Amino acid sequence: MSLSNGFCTRTGKIIEGLNTIEEIGEEIYNRVLETANGSPTAAEKHQNQEFAIWRLAETI
């Protein structure tokens, strides 16, 4: 599975001088809004249903 259809933003474009920080920030912000408004994530499009959060420390 490629992340090209997922939440992948090429921030290296800032260093390359192709985009400003503000432009990339707006791209990320818009993607978050789209997802919050119901646009399916890459995982949903690929019908992935497994999700795991790794613990870095013990919890009480």
Side-chain angles (χ1 to χ4, degrees):
M1 179 177 94
S2 169
L3 288 179
S4 62
N5 294 328
F7 192 86
C8 184
T9 299
R10 206 175 129 240
T11 56
K13 295 185 288 185
I14 297 168
I15 295 172
E16 295 169 359
L18 300 173
N19 293 96
T20 65
I21 292 173
E22 290 79 13
E23 290 170 334
I24 296 298
E26 186 173 341
E27 184 179 329
I28 293 169
Y29 179 75
N30 288 333
R31 184 70 60 94
V32 170
L33 286 180
E34 289 171 9
T35 303
N37 284 317
S39 180
T41 64
E44 292 169 329
K45 290 176 186 175
H46 295 287
Q47 298 180 348
N48 293 339
Q49 296 183 5
E50 294 181 19
F51 183 77
I53 297 175
W54 292 86
R55 289 188 187 168
L56 299 177
E58 291 293 321
T59 58
I60 298 178

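Keep in mind that this is a model prediction, so the values were computed, not measured.
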**OP:** Run through Lys13, Glu27, Glu26, Arg10 and flag the one making a side-chain contact (heavy atoms from CB on, under 4.5 Å) with Asn19.
**Re:** Lys13
Original post:
What's the spacing between Arg31 CZ and Thr41 OG1 if we round to 0.5 Å?
Top reply: 11.0 Å
Subject >> Pairwise distance CD(Glu44) to OG(Ser39) - rounded to 0.5 angstrom >> reply: 8.5 Å
**OP:** Treat each ILVMFWY residue as a node, draw an edge where side-chain heavy atoms are under 4.5 Å apart, and state whether Ile21 and Ile28 are in one component.
**Re:** yes
